[in-house]
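Report on the following structure.
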Amino acid sequence: MLCNVTIYGSKDAAPVFSQGELNFDNSGFELKYKIGEDRCTLCANGSTITQSRRGGANMDITFSKGKNTVCVLLSGELTGSVPVKTDELKIFKSHSGVEIYIEYYLGGAKINLRLAATVSPKEIK
Amino acid sequence: MNICVAGLGIIGGSMCMALKRAGLPVWGWNRTKKVADYALHNGIIDGIARDFVAFDVVFVALPPEATVEFINNHAFKEGAIVADICGVKVWIEEEIYKRPRNFRYVGCHPMAGKEVSTIYNACADLFDNASMIITYSGATDFAAVNTVSGLSQKMGFARVVECTAAAHDKKIAYTSQLAHIVSNAYVKNDELDGCLGFTGGSFQDMTRIAGVDERVWSSLYLKNSQNLTEDISRLISSLEQLRAEIAKGDKEGLEKCLREGRKIFESRREERTLWGDITVTEFK
């Protein structure tokens, strides 16, 4: 299903708007979208979310509430894994799309991420 | 400055902790992923390195053979400092300089450790007030030595001792390797069992390092065999002399023998340089 994707990062930054494709399956959903020229995939499986980005920036990151996971940096100055600690992870699913809220630490930096994928009205049956 | 420690055992892990204590970000790498994950999720390192081309300084905290294999099989940034921490220096230096390289090699040997191993025993203050030995040769870049020396100070070392690899190996055969050999030999005695209540500081001093990892130490002994066998021979000679005096029941001869040892010990001058050029820089 085609959808509109809105990503809210830090308070000071403007939200990022994109278009994507959202597909549900038995265990969760997969959302494909673009940030600039980079291709992003976000998969929700149960209470775990994995996000990958390919293009100018390349990384794989896993979120699981209360757990220590990693962000694998595949390009950039330093490549490797940095720690991720997810304090909050909420997934809301509805007939009109999905919304996720993640509060996490990447390295020492705290990040609040909210992403909403709203299915185009013509796709809703 | 991007710093990476390759090999997250007790020494490598403690280096990471000491560098982070000094406020420096440090990445790590380990052959066993579980150990690297432990370091990452316990704040010992800031990241797990996938490769080493972005690092300005790479400390290689692995056993001798693994150190050479690691350095020969990875790419480093042009001009990066690659420093090993092995307990033997001539062998490592020869192996490193056999190949062309784009990095600046610095030989190091932190004079600190514990009788236990693994990152789970690492601590931020392991190097506090200890010595860091840095070895040099004609191929050494002294700006790189200064950088490693500065980082050593940040890690808590009280002093840096600079000398040639040969001077290091000769001295370390006596101050470290022979002591470990003696401890290992000392515990090979049936009386070791049932010692509870019969031991004091002297027994504890003698046996503390008997349990070190034989894979690591055999490698170090064999790579410094000439110096070490000479020292063992001197020790055997001294022991035989003492045994002979005791067996003879010759009190005067025994006293003379013991007095010799005491006088040598009392007249020692730790700062004396007998062999090669040794420079000591005190930080505190």
Side-chain angles (χ1 to χ4, degrees), chain A residues 9-10 35 38-90 100-113, chain B residues 1-8 12-13 16-17 19-61 70 73-82 103 119-120 124:
Chain A
S10 66
I35 297 178
D38 289 6
R39 303 176 309 282
C40 301
T41 305
L42 192 149
C43 293
N45 190 331
S47 58
T48 298
I49 286 180
T50 55
Q51 186 181 28
S52 69
R53 180 169 174 164
R54 295 290 183 274
N58 293 279
M59 65 180 77
D60 294 327
I61 186 167
T62 303
F63 304 102
S64 188
K65 186 178 175 181
K67 291 189 178 169
N68 291 314
T69 54
V70 293
C71 172
V72 182
L73 305 170
L74 301 161
S75 64
E77 190 191 7
L78 297 177
T79 61
S81 306
V82 292
V84 174
K85 174 81 164 54
T86 307
D87 281 353
E88 190 60 79
L89 191 156
K90 289 177 181 170
I100 61 168
Y101 174 75
I102 310 173
E103 198 175 294
Y104 65 103
Y105 285 88
L106 178 63
K110 187 173 186 182
I111 298 170
N112 294 314
L113 173 73
Chain B
M1 184 188 294
N2 292 330
I3 304 171
C4 181
V5 176
L8 300 173
C16 294
M17 292 165 114
L19 288 164
K20 279 183 68 77
R21 184 184 64 174
L24 296 168
V26 58
W27 282 46
W29 175 91
N30 197 72
R31 290 176 289 186
T32 310
K33 188 177 177 295
K34 185 182 155 194
V35 171
D37 286 343
Y38 173 85
L40 187 73
H41 293 306
N42 285 279
I44 297 170
I45 55 174
D46 294 299
I48 301 173
R50 284 168 65 92
D51 58 54
F52 305 92
V53 290
F55 293 101
D56 304 296
V57 179
V58 179
F59 286 105
V60 186
F70 174 86
N73 289 296
H74 287 94
F76 300 99
K77 187 189 209 175
E78 179 78 32
I81 296 169
V82 177
F103 57 85
I119 196 166
Y120 310 111

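Computed from heavy atoms alone, side chains included, the values below leave out hydrogens, waters and symmetry copies. Sequence lines set the chain letters: A, B, ... in the order given, protein chains first and strands last, and positions in each chain run from 1.
Residue B:Tyr120 places its OH atom among more than 12 non-hydrogen atoms of other residues, nucleotides or ligands, all under 6.0 Å distant.
Partner of B:Val57 under the side chain to side chain contact (heavy atoms under 4.5 Å, CB included) criterion, chosen from B:Val82, B:Ile81, B:Val5: B:Ile81.
Partners of B:Phe70 by ring pair (Phe, Tyr, Trp, His ring centres under 6.0 Å), not counting sequence neighbours, listed by chain and number: B:Trp29, B:Phe52, B:His74. Here B:Asp56 pairs with B:Lys77 under the salt bridge (Lys or Arg N to Asp or Glu O under 4.0 Å) rule; sequence neighbours left out.
If you check the side chains of A:Glu77 and B:Asn2, you find a donor sitting under 3.5 Å from an acceptor.
For residues 54-70 of chain A, a heavy-atom distance under 4.5 Å to chain B picks out A:Asn68, A:Thr69, A:Val70, given by residue number.
The residue among A:Thr79, A:Leu74, A:Val82 with the most heavy atom pairs within less than 4.5 Å of chain B is A:Thr79.
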Determine all donor-acceptor pairs shorter than 3.5 Å in which one atom belongs to a side chain in residues 35-47 of chain B; sequence neighbours excluded.
from, atom 1, to, atom 2, distance (Å)
B:Asp37, OD1, B:Lys33, NZ, 3.4
B:Asp37, OD2, B:Lys33, NZ, 2.8
B:Asn42, ND2, B:Tyr38, O, 2.8
B:Asp46, OD1, B:Lys20, NZ, 2.6
B:Asp46, OD2, B:Lys20, NZ, 3.2
B:Asp46, OD2, B:Val26, N, 2.8

